[in-house]
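Worksheet: the structure to be examined is printed underneath.
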Amino acid sequence: MCKQFDHNKFEPQIVEKSKKVIAQTVKSNVKTETFTITLPPPNVTGSLHLGHAFTSVIQDMLLRYKRQHGYVTLGQPGLDHAGIATQIIVANQLQDQGINWQELGRDEFIDRVWKWKEQSGGTILYQLVRLGMSIDLDRVRFTMDDDASNAVLYAFTTLYKDGLIYRAKKIVNWDPILKTAISDIEVSNKTQPGKMWYIKYPIGTCDFITIATTRPETVFGDQALAVHPDDERYKHLIGKKARIPLTDKSIPIIADDYCDREKGSGVFKVTPAHDFADFEIGQRHNLHCLSIMDEAGRMNDEVPEEFRGLPGIEARKKLIKVLLEKGLLERTEDIVHSVPYNNRSGAIIEPMVTNQWFLDTKVLAEAAIKAVETGRIRFVPEQWANTYFEWLRNIQPWCLSRQILWGHQIPVWHAENGKMFCAMTEAEAKQQAKKYFDVDEKSLPKLTRDPDVLDTWFSSALWPFVTLGWPRDQTEMRKHYPTDVLVTGFDIIFFWVARMVMFGLYFAKEVPFKVVYINPLVRDEHGQKMSKSKGNVIDPLHLMDKYGTDALRLTLATLAVPGRDVNIGESHVEIGRNFVTKMWNASKFLEMKGYIFDREFKTYRENLIQPLNKWIVRKLIEFKRAAQSALDEHRFDLYAQSIHKFLKDVFCDTYIEAIKLCDDEETRKTACSVFLEYLKVAHPVIPFVTEYLWEKLTNGTEQMLLISPWTNNINDYELKPDLVDHYISVAGEVRSLKGLIGCKEKLDLLVKSGENDAFVSANEHWIRPLARVNSVELVEAFPARGIRFFVAGQEFFVKYPHEVSRSLFDKKLSALTQDMSKLTAKIENESYKKAKPEEWQNDVDLLAVKKAELQKMEAVNWCNA
RNA sequence: GGUCGUAUAGCUCAGAGGUAGAGCACUACGUUGACAUCGUAGGGGUCACAGGUUCGAUCCCUGUUGCGACCACCA
């Protein structure tokens, strides 16, 4: 047997072997109950990063756990077409090839995207499988495949018919680089240094009013100046006119409560076409909405000639220069303010007034809020429900349309007279038009399909039920919907989670999932966000190559502490790898001892004679309970911890050390079957090494570990600590003493004869190796030379011919007296005695034991020679 | 401005109303038949600060401070 688990060799073999079994358990398993997770579909452009790996492993632990227990288990895989992200990538590729994508035309461009998708789109799926994701790749769905596309059309037309989708000319967040609208949650604000310019607007012939702005180039779009109605400084100007610098266009000075007297100069320029707040003020005061920029953010023909065609930032520079020359710039102030960006393109967002499609989300949001309030959906950790509520309670209409090419084209056809027909197909739209215009096919006016496509998240919001056949086929819906758990990051609670709930309730009439597990954000070792620019990105594939997939998975699980970001570095994965090796070595020991796998041997149930073997089975049961409840409560960190602890502290450090001299059949069988049962419990987190060892130790006679249920716990098993625990502590104390006196040779342990004599004689064969002593003898009295020690009041003795330093004795003594004084103080507290009489009595007993120990220690000063 | 999270060993982090835990790092010893990707033993903490509840608070409550995230505002 080789030195360690050769992950690079065995992982692919196990993946291959698991395939069929996984596909089978999607369709049928032992039970009729289902367990379903809709995996968040990664971008088709994506490749695996640690964040994916993290969510994926959490989901896979649940899938494997439930699959082992017999559930019909479905982890529904998929890919997202990721409209904007994908379009950017393909456009850049074309550009690199010297092709101007904008000249290709819609159909040709989309064709290119599909080609690219076929070529490299599946990468991430194979990476997920490498990560051990127990999913059936034959079930992979794509948000742009035919069924999904039809579902999107169906959903859109339904919402349109129900009056929830409308088209309107409104101010939206506009990306001048991509030349598309984006939704408000796609905008991220960055705090950065900037300037505040104080500009003088002439009033009459010799007066001025000063406004403050961070975006002077928008002055040409101004429709009014606003002041607070009660502002004594400006009250007299209300109703008068001011003139825009350079153009001399007259605009009214109006009063509006929105004005904050403290900010800037207290005068507020109103530019309805280029600012959200101004847009609303404009509506209130019936102001004209004048756009002064084109779709690329350049100044249009509404501005003085010298500024036309300039990008906003250039226009700003030029304007400031001119204002300065004309003496209209009062002053400039350096400030720090936040600027809206689109992270995808890097563009600074320009608010623009355009025609867009909106979804009225108010009613949908109310239902979604209720679903969580009433507990039909539970957030883990709970506090994320706050984030969810806060957004939904202040929800704005969802801007659905994007002016890009890659995505689901809006199923609305426009007639030249402005009438719109929403239908799933062009033919249906024509039918509607014929009816509306009351004409036949030939004289039907020309219909043009709306060129916009839908926000990618529209199709994502339908994902949990689209992947189950909705709206075409209800068979799988009945079995798997609502799904059980959704695992995702907090950053997409708005983008995805809330919208799935809204659409799920609306279309499928039921919540899409029962639990939302919000997984922590993955950061680097020092708590820094991973980013390409910082160069601190860790590639999970590299970690898998180097340390093995199991090591990575175990590490991620260990770190999955709820409500806290996760810092991960290579050193963490090293620990995982070391643990896998430990497991490997434990199995090597069993092999060397001549383990016996015996199907009929039900160690967990009956017939064990040896206390030590009973003990390890008891420990196994305790461990399984802990592991199971950790998984049930989504405490993957505690689960991983229990996996680690049982193998290392209990199985290796105690049991294996103790049985080194045992050669009986009961022990060999027990050791083997406890280890095998342990493999089952550890399987969900470290599927590869456990599967490998399972097959090896069972000689391939059993079904895969992947579908081996954990053996039921026995409830009547005596789970209280017993004499075995006591003598394990005694052995530990002997080792500790030897360490403290720096003794290397083997000693003899003497036990004073008493009520446990029979137990000691019958069990010395394992106490001896565990304590690392030559012999364990029962004696009536201790000799003069040696070290006395106490465990739970019982007295022991180690023969030791040399002198022992006084300091060791003092150390033990002071630890004991310290314990005692603490205990005494506690016991003397009358209120404690009254409040918790049983606990109080326990402490009294404990103190008595310690007192006895102290007396004995003082009576025989064991350290003097 | 609002909301949420968080503060425990040198580092990364668990934890429970009643004697403070792990891993890494550190110190010493050790290649004895599972394991040097290791073992054995050890050192190391006023559990951020101030109040309150309690017989008892590191744990619960309130406040303060530090750190982080999100939302809003941003003339």
Side-chain angles (χ1 to χ4, degrees), chain A residues 1 3-4 185 189 191 194 196-199 211-215 225-226 258-260 262-271 275-278 335-340 381 383-384 386-387 389-391 394 490-491 493-494 521 523 525-527 529 547 551 558-559 561 563-569 571-572 574-593 637-638 641 644-645 649 652-653 656-657 660 732 735-744 746 772 815 818-820 822-823 825-826 828-836 839-840 842-843 846:
Chain A
M1 196 163 172
K3 219 164 170 246
Q4 67 193 81
I185 48 177
N189 292 301
T191 304
M196 179 82 82
W197 284 277
Y198 289 78
I199 300 170
I211 61 96
T213 180
T214 52
R215 300 175 63 212
L225 297 183
Y258 177 79
C259 278
D260 184 340
E262 307 302 317
K263 280 185 181 168
S265 62
V267 187
F268 180 76
K269 71 193 249 328
V270 185
T271 321
D275 185 283
F276 283 89
D278 296 17
I335 55 160
V336 174
H337 63 153
S338 61
V339 178
Q383 75 254 16
W384 288 111
N386 287 329
T387 307
F389 286 140
E390 197 186 307
W391 186 67
N394 300 302
F490 68 85
D491 48 335
I493 289 176
F494 308 150
L521 189 73
R523 298 166 173 280
E525 229 163 342
H526 310 289
K529 230 176 190 165
Y547 299 103
T558 308
L559 295 173
V561 176
R564 193 168 186 145
D565 288 350
V566 162
N567 299 351
I568 179 168
S571 59
H572 293 107
E574 218 168 285
I575 297 164
R577 187 264 324 263
N578 294 353
F579 178 77
V580 169
T581 305
K582 187 81 186 169
M583 184 180 284
W584 183 260
N585 284 321
S587 82
K588 250 165 80 177
F589 172 82
L590 297 179
E591 196 178 36
M592 187 201 80
K593 283 302 264 189
D637 58 326
L638 298 180
Q641 228 172 65
H644 196 273
K645 236 182 159 146
D649 298 354
C652 292
D653 291 358
I656 285 186
E657 290 304 327
K660 280 193 167 162
R735 293 199 310 267
S736 169
L737 280 171
K738 281 178 67 183
L740 285 168
I741 59 175
C743 162
K744 284 167 212 166
K746 280 202 172 175
R772 283 171 238 282
Q818 212 177 346
D819 281 358
M820 285 174 65
K822 273 187 193 168
L823 261 180
K826 212 172 139 189
E828 281 168 357
N829 187 332
E830 280 300 315
S831 311
Y832 175 46
K833 183 179 177 182
K834 246 188 258 168
K836 299 272 177 72
E839 284 183 38
W840 182 83
N842 281 342
D843 286 338
L846 188 59

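Considering only side-chain atoms of A:Phe589, the nucleotide from B:G68, B:A34, B:C70 that sits closest is B:A34. Taking only side-chain atoms of A:Asp653, from C-beta outward, the nucleotide of B:C24, B:C35, B:U40 with the closest atom is B:U40. Candidate nucleotides B:C55, B:C4, B:U40 were compared by shortest atom distance to the side chain of A:Gln383, and B:C4 ranks first.
Within 4.0 Å of A:Thr214, counting heavy atoms only, lie sugar-phosphate atoms of the nucleic acid but no base atom. When heavy atoms are screened at a 4.0 angstrom cut-off, A:Glu657 is found touching base atoms of the nucleic acid. Residue A:Phe494 is in sugar-phosphate contact alone, with no base atom involved, counting any heavy-atom pair closer than 4.0 Å across all strands shown. Looking at heavy-atom distances under 4.0 Å, A:Lys660 makes contact with a base. Across all strands shown, A:Thr387 has no heavy atoms under 4.0 Å from either base or sugar-phosphate atoms. Within 4.0 Å of A:Arg215, counting heavy atoms only, lies no atom of the nucleic acid at all. Residue contacts shown for A:Lys269 are absent, as no nucleic acid heavy atom lies under 4.0 Å away. Nucleic acid contact for A:Asn394: none, since no nucleic acid atom lies under 4.0 Å from a heavy atom of the residue. Heavy atoms of A:Arg735 sit under 4.0 angstrom from primed sugar atoms or phosphate atoms, though from no base atom. Residue A:Phe490 is classed as a sugar-phosphate contact, given heavy-atom separations below 4.0 Å to backbone atoms only.
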What would the secondary structure line of RNA chain B be in dot-bracket form, counting Watson-Crick and G-U wobble pairs under 3.5 Å, with [ ] for pairs that cross earlier ones and | for pairs with another strand? (((((((..((((....[..)))).(((((.......))))).....(((((..]....))))))))))))....
Each nucleotide in nucleotides 7-20 of chain B should get exactly one letter: B, S or -. Can you fill that in based on protein heavy atoms under 4.0 Å? S----SSSS--BBS
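Atom CD in A:Glu830 sits about 19 Å away from atom P in B:U54, given to the nearest Å. The distance between atom NZ of A:Lys582 and atom C1' of B:C35, rounded to the nearest whole Å, is 5 Å. As rounded to whole Å, 14 Å separates atom C1' of B:C38 from atom CD1 of A:Ile656. Note: CG (A:Asn189) to P (B:G1) measures 17 Å, nearest angstrom. For the pair A:Asn585 CG and B:U31 C1', the interatomic distance rounds to 14 Å; values are reported in whole Å.
Annotation: the span from A:Leu740 atom CG to A:Cys743 atom SG amounts to 11.5 Å, rounded to 0.5 Å. We find the NZ-CG distance between A:Lys269 and A:Asp275 to be 8.0 Å, quoted to the nearest 0.5 Å.
For B:C38, the base has no donor-acceptor partner in the side chain of A:Thr581 [N/O atoms by modelled type, under 3.5 angstrom].
Listed pair A:Ser831 / B:U54 fails the phosphate criterion, with no side-chain N or O lying under 4.0 Å from OP1 or OP2.
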